[in-house]
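Just so we're clear, the structure is a prediction, and the values are computed from it rather than from any experiment.
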Number of protein chains: 4
Amino acid sequence: MPKKPLKTTSKAERTKKNILDAATTEFSSKGFDGARIDEIAKRSKANKSMIYHYFDSKENLFTAVLENAYVGLREYQRDLSIVGLKPVDGMTKLTGYTYDAFMQMPDLIRLLNNENLHKGVHLRKSKNMREMYDPLLVNVGELLRHGVKEGVFRKNIDPVNLYISIASLVYHYVSNHHTLEVAVERELMSEERIAERREHVIDMVLSFCMTNRAVSATRKDFSNAL
Amino acid sequence: MPKKPLKTTSKAERTKKNILDAATTEFSSKGFDGARIDEIAKRSKANKSMIYHYFDSKENLFTAVLENAYVGLREYQRDLSIVGLKPVDGMTKLTGYTYDAFMQMPDLIRLLNNENLHKGVHLRKSKNMREMYDPLLVNVGELLRHGVKEGVFRKNIDPVNLYISIASLVYHYVSNHHTLEVAVERELMSEERIAERREHVIDMVLSFCMTNRAVSATRKDFSNAL
Amino acid sequence: MPKKPLKTTSKAERTKKNILDAATTEFSSKGFDGARIDEIAKRSKANKSMIYHYFDSKENLFTAVLENAYVGLREYQRDLSIVGLKPVDGMTKLTGYTYDAFMQMPDLIRLLNNENLHKGVHLRKSKNMREMYDPLLVNVGELLRHGVKEGVFRKNIDPVNLYISIASLVYHYVSNHHTLEVAVERELMSEERIAERREHVIDMVLSFCMTNRAVSATRKDFSNAL
Amino acid sequence: MPKKPLKTTSKAERTKKNILDAATTEFSSKGFDGARIDEIAKRSKANKSMIYHYFDSKENLFTAVLENAYVGLREYQRDLSIVGLKPVDGMTKLTGYTYDAFMQMPDLIRLLNNENLHKGVHLRKSKNMREMYDPLLVNVGELLRHGVKEGVFRKNIDPVNLYISIASLVYHYVSNHHTLEVAVERELMSEERIAERREHVIDMVLSFCMTNRAVSATRKDFSNAL
DNA sequence: GATGAATGAGGGTTCATTCAT
DNA sequence: TATGAATGAACCCTCATTCAT
């Protein structure tokens, strides 16, 4: 008779997980420098020393958090299947899916912003992350090639820049909505606005890629917006 | 013969300016929480107490820095004239100009990221900044209207979302290039890449706005990019 | 056999106690504003952070010190028994005992002076202290009533004012002896003077209360004192 | 023809006076360590450097303030005349007058408390103050002698201790009313209470001095006070 | 005599990290 | 593996004092 049940996460692992979760919340809401180990300990109900036992230092903990969040994104992205779709449908789905992904992961966005503030040191240090290719990037390339072959997408589109643009259009809206709201004097995170933005981004990406753009018939009239 | 030269900024003002400059560097490179008052003092060659004499608190100093950088951007933007230009030329110039502006102001971008981490509290608190409308936003609206009237731009484009998109395409590249570089395994801030990106962004904006897109004939061939 | 000895105060409690003791010395000798946390840390051999760990702030530490000293006084006072004594004897004992108490607690006196400088904010904030009635006050009332009933004490004496007077006669001598010494050009804290003062205070209180004052036959001759 | 009018306080003197007044307020309300030079400068509308010009240091300024307040008290006391009064009337007047004096000078009381906290260093250092004899002390001695000669006052009363007692009964009430109020749960500084206390103190002093005490017929009934 | 700018030591407080059990 | 106590460097901020004009 085994002492430990097989399929159980050990107490140790649970503690570690709790710490990681608490750290994710703390780091993403306060940034690396604003985050407090004490707070992470309190929130994870772990003893402070445990954090050092498992993660050695604040820096390492941050890296672990970042890695973890990154994996989450990649996993989310890998759930998307565009096989068998026509290029336009694929691009639409891909863009929308990416949009949804980031909308659901504001934590990751804040972590990445922080990482950029620190010039990407943690990301660069982590072998895991460097080796984790981005499915979005691969998919964009794939779709572009298909689309070009079928004549629906323009030639000469740099997939890397397109990838960056899709990410930009999606990411920036979540990342900077606080300051954007002040500039545009409009609330941006209401359900309606979020849906509108989704349409807009897809429209933008397709307009850019397609040789003949089919304008959505259902589009709202913005002629009096400003 | 006057004792004092006429065009002298007072010593006090110079000190204040030095502090503000040093603080801009420090805050934008380390973020609010990572920034050190001691470092600002050292860099500005001012005594630490002077900082408090002129700015009362770290928080206030940050607000002053943000405000100052914001004003810089607005002034830069106001130098742009699109009067008399055709809509397409205007939009091209506007987008390119915005791109250049942000490329030259990485500090501001980091400050804004930080401000978003803190949910925009400083920005919202500052009456000055809230009242400073964004020329880009106004110009985008203007251009869209003209373009629609002349039949070169699509109807039904939301100027606010377009404004956000232009900002996104430009801002994100500067803001997140460290993490993007890891993802796309490409160096992004070389002169060549920066120029390429500029083209790309303009292309994207025009593709989106125009009814009949004129594809740039000189566009590079990216078919083997990935 | 138990691993831990039974009567051990935990290490934490000992540290806390050390801090409180050191703080009492520091606050009572320098006042709230003159007291230095660094000094308290040094004297208590505790790390400065421990002070904040246990007491949160200088203000709270002061309150704790005051409370602690107050409790000390009340405990001292509660040791006094006047049951069964005749009113005059009781009043004599009570006054003398109070005198002795304050003589032994110059720290408390300085703390109270400081508290009065700060308008009693700490005292008023502390529920504990507000609820701690003063045995002296109760006893004075009791004795007066008995004495009046037995005809040895005058009617119409306000116990509150009498209480205050006893406290005044005792307290002021300890509290202000430095300036008094300059005014009267007499050293006041010698054993002899202290004893003399004790007699004087008791005499004063009795003179005030009694209907027929019995003049002490052994009283010194002061006719050439000045 | 003189440049300066003779009987005018010069601007310099006025500045000095303003500083002294502001310093008195500041020191008496915050104590030596709690007082702020900046605050004194602001309140006196003098430049901070002027304070150092006239008074050299915070310490010296405090001494000047104390000296000044002391002189005020002495001057007040010197206005009292008891010549020609019968001993009992004289003692009554003297005590009442002292009571009134202290009631009007809470600032001085706080300064003296502070001085005692600092063990009287400033007072002892000031030759002026050490040489300023206390009229109260002289008068007490005088009255006692007359009273004894006329047979209305007891022999064997130590004038120094009596002097201290009168001061105690008066001073403590003003000095410690904040903490006393908490202890006796009674508001102490209302006009009525102040008047009551005055009666009480006089009664106490006379009871102590007189051979045959005449009990005031108008005395309130306190038998239910507690 | 008066002003405004500057100085530097140090004050209260925080926080990542380690030690002892 | 886990706990609680302790550490020490450093952080933001204050304040008495001085300098230059």
Can you figure out which of [options] approaches the side chain of [X] most closely?
{"X": "D:S49", "options": "E:dG4, F:dG4, E:dA5", "value": "E:dG4"}
{"X": "D:Y52", "options": "E:dT17, F:dT18, E:dT7", "value": "F:dT18"}
{"X": "C:M50", "options": "F:dA2, E:dA2, F:dT7", "value": "F:dT7"}
{"X": "C:K48", "options": "F:dG4, E:dT17, E:dG12", "value": "E:dG12"}

Using a strict threshold of under 4.0 Å (side-chain N to carboxylate O), is an ion pair present between C:K42 and C:D38? no
Paired to E:dG11 by Watson-Crick or G-U wobble criteria (both distances under 3.5 Å) is F:dC12
Complementary nucleotide for E:dA20 - Watson-Crick or wobble, under 3.5 Å: F:dT3
How many Å lie between [atom1] on [X] and [atom2] on [N], as a whole number?
{"X": "D:N47", "N": "E:dA6", "atom1": "CG", "atom2": "P", "answer": "14 Å"}
{"X": "B:D56", "N": "F:dC15", "atom1": "CG", "atom2": "P", "answer": "13 Å"}
{"X": "D:I37", "N": "E:dT7", "atom1": "CD1", "atom2": "C1'", "answer": "16 Å"}
{"X": "C:E26", "N": "E:dG11", "atom1": "CD", "atom2": "P", "answer": "10 Å"}

Determine, for C:F27 and C:K58, whether the Lys NZ or Arg CZ falls below 6.0 Å from the six-membered ring centre while staying within 45 degrees of the axis. no
Have a look at B:Y54 and say if it touches a base, only the backbone sugar-phosphate, or nothing, with a 4.0 Å heavy-atom cut-off. sugar-phosphate
Look at all strands and tell whether D:A41 reaches a base, only sugar-phosphate, or nothing, counting heavy atoms closer than 4.0 Å. nothing
Could you walk me through whether C:N128 and C:S126 pass side-chain hydrogen bond (donor to acceptor under 3.5 Å, both in side chains), step by step? CA-CA 5 Å; C:N128 291 335; C:S126 159; 4.7 Å; no
Along DNA chain E (nearest heavy atom to each residue), the more 5'-positioned of D:T15 and B:K45: D:T15
E:dA16 phosphate, OP1 or OP2: any side-chain N/O from A:R36 under 4.0 angstrom? yes
Counting only heavy atoms from other residues, nucleotides and ligands, does the tally under 6.0 Å from NZ of A:K125 exceed 12? yes
Between the base of E:dT17 and the side chain of A:K58, is there a donor and acceptor pair under 3.5 angstrom? no
Would you state whether a donor and an acceptor, one from the side chain of C:D38 and one from the base of E:dG11, lie under 3.5 Å apart? no
